[in-house]
Chemist: 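Supplied in structure tokens, the structure appears directly below.
Just so you know, these numbers use all the heavy atoms, side chains as well, and skip hydrogens, waters and symmetry mates. Chain letters run A, B, ... following the sequence lines, proteins first and then strands; every chain starts at 1.
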Amino acid sequence: MNAVLEKYQLSPESSAYPPTVRVDSQNLILLLTELRENPATYFDMLSCVTGIDNGPEANTMEVIYHLYSIPFHQSLAVKVVLPRENPEIESVCHLWKTAEWHEREAYDLLGIRFKNHPDLRRILLPADWVGHPLRKDYQHQEYYHGVHVAYQAPQPPSDR
Amino acid sequence: MKGFLDQEFAQGGVLVTKADDLLNWARLSSLFPMTFGLACCAIEFMSTGTTVYDMDRFGMAPRATPRQADVMIVSGTVTFKMADRIKRLYEQMSEPRYVISMGSCSNCGGPYWQHGYHVVKGVDKIIPVDVYVPGCPPRPEALIGGILKLHEKIRGESRVKPVEIEKLMNLPKT
């Protein structure tokens with residue numbers, strides 16, 4: 001695994017488990033394809049695709065790919081940092097079919113767009129939902145389908 | 001104590017009762033709940049149906065369709081996505097119909113009251129609720145308590161025309 005990573009001048013962060021590498025978004029597909037196809041690494045399973053919003057101050061978003069190699073019992077996490085405005089990254093659906101729903105979830109809740117995704121639409125929230133709720137600056141709608149969204153404390157009975 | 005049905009009737013067994021009492025007794029003794037679970041409360045609802053708690057003894061058999069159900073037990077977190085469906089299911093139930101709101105989530109949003117962007121803060125915002133059962137989740141005993149409360153409510157219902165009110169309304173205007 002390390003030989004493949006060195007080819008891309010990457011070294012896993014030692015403090016993290018699973019070993020984590022940070023990669024530029026241009027090299028992502030190249031690296032993931034190699035990690036999957038190379039018989040020495042053979043990461044044949046994509047356990048999870050996670051999105052993170054680092055907030056308006058850091059002004060970045062992250063996508064983390066959790067890879068697992070079933071024959072080698074080895075894990076690896078690949079991190080990509082994206083700009084917070086218009087976060088966009090190439091889809092990995094053509095490598096692992098399971099990425100399809102994971103990427104839809106990241107799109108639904110964080111608004112990260114995955115290029116060349118076969119069917120990028122909301123997966124958890126209703127189709128007519130406004131906004132991406134796991135963004136740090138998300139403001140919920142006042143009403144959804146005529147129902148007030150925020151909690152309204154019941155009014156105590158007025159003293160006569 | 002011997003129940004009414006444990007007795008033997010010697011003289012043909014004619015009873016005198018009020019139509020209201022008879023109909024209410026029949027209705028409250030055969031409340032069919034809709035099979036309907038939204039979250040962890042549904043597990044307690046399922047336990048209520050098991051032999052230990054035996055929901056059957058109240059004449060309650062879960063029905064898989066709103067058309068045959070009398071009572072909807074909203075057991076769990078009502079999300080906005082589900083809210084439209086719940087409303088539709090409620091409208092499909094035939095009258096008279098009742099709603100038991102089971103657990104904190106469906107009473108008022110529960111733990112999601114502040115940051116739950118996706119949770120309706122109380123199912124009573126979309127459909128009328130007859131009985132609220134508190135708890136997170138309520139134990140089956142609490143749900144049975146709620147069912148008995150609903151029995152009380154049905155027992156108090158009346159099909160008698162409100163004669164006095166009608167008289168008042170028909171009073172010649174002075």
Side-chain angles (χ1 to χ4, degrees), chain A residues 48-58 61-62 84 87 100-113 117 119-158, chain B residues 36-42 66 72 74-93 99-137 146 149:
Chain A
C48 193
V49 177
T50 317
I52 298 178
D53 180 12
N54 290 327
E57 277 172 33
M61 284 204 182
E62 284 173 33
R84 202 153 174 286
E100 192 178 329
W101 280 16
H102 287 166
E103 290 179 351
R104 276 177 68 185
E105 187 184 352
Y107 163 70
D108 189 0
L109 300 177
L110 290 160
I112 298 166
R113 302 197 70 85
H117 189 282
D119 181 26
L120 192 66
R121 59 196 164 94
R122 290 185 184 275
I123 188 168
L124 297 169
L125 293 165
D128 59 352
W129 197 267
V130 179
H132 302 283
L134 289 196
R135 286 195 179 205
K136 293 283 189 271
D137 53 359
Y138 173 75
Q139 293 289 324
H140 59 64
Q141 307 155 75
E142 196 180 358
Y143 286 92
Y144 180 76
H145 287 192
V147 182
H148 199 266
V149 174
Y151 177 77
Q152 291 164 307
Q155 294 298 314
S158 55
Chain B
F36 182 44
L38 298 180
C40 24
C41 279
M72 176 191 259
V74 184
S75 48
T77 317
V78 181
T79 58
F80 280 107
K81 199 175 183 179
M82 192 65 189
D84 296 343
R85 279 83 170 167
I86 291 177
K87 207 170 166 194
R88 170 67 63 86
L89 287 168
Y90 176 74
E91 283 161 0
Q92 284 175 337
M93 286 164 65
V99 176
I100 294 177
S101 164
M102 181 185 179
S104 297
C105 289
S106 113
N107 289 345
C108 64
Y112 308 101
W113 72 277
Q114 195 173 15
H115 298 297
Y117 59 89
H118 59 306
V119 175
V120 181
K121 311 301 182 299
V123 73
D124 50 5
K125 288 192 184 274
I126 45 172
I127 52 174
V129 175
D130 295 284
V131 177
Y132 297 86
V133 180
C136 187
K149 272 278 172 229

Chemist: Would you say OH of B:Y112 has more than 12 non-hydrogen atoms from neighbouring residues, nucleotides or ligands within 6.0 angstrom?
Modeler: no
Chemist: For residues 148-155 of chain A, which side-chain donor-acceptor pairs fall under 3.5 Å, sequence neighbours excluded?
Modeler:
residue: A:H148; atom: ND1; partner: A:A150; partner atom: O; Å: 3.0
residue: A:Q152; atom: OE1; partner: B:K125; partner atom: NZ; Å: 2.9

Chemist: Taking CD in B:E91 as the centre, count heavy atoms belonging to other residues, nucleotides or ligands within less than 6.0 Å. Is the count above 12?
Modeler: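 Yes, enclosed.
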Chemist: Say you draw a straight line from CG of A:D128 to CZ of B:F80; how long is it, rounded to the nearest 0.5 Å?
Modeler: 11.5 Å
Chemist: Residue by residue, scan residues 119-126 of chain A and write down, ordered by number, those that have a heavy-atom distance under 4.5 Å to chain B; if none do, write 'none'.
Modeler: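 Result: A:I123, A:L124, A:L125, A:P126.
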Chemist: How long is the span from the NZ atom in B:K81 to the OH atom in A:Y144, to the nearest 0.5 Å?
Modeler: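 Taking NZ in B:K81 and OH in A:Y144, the distance rounds to 9.0 Å.
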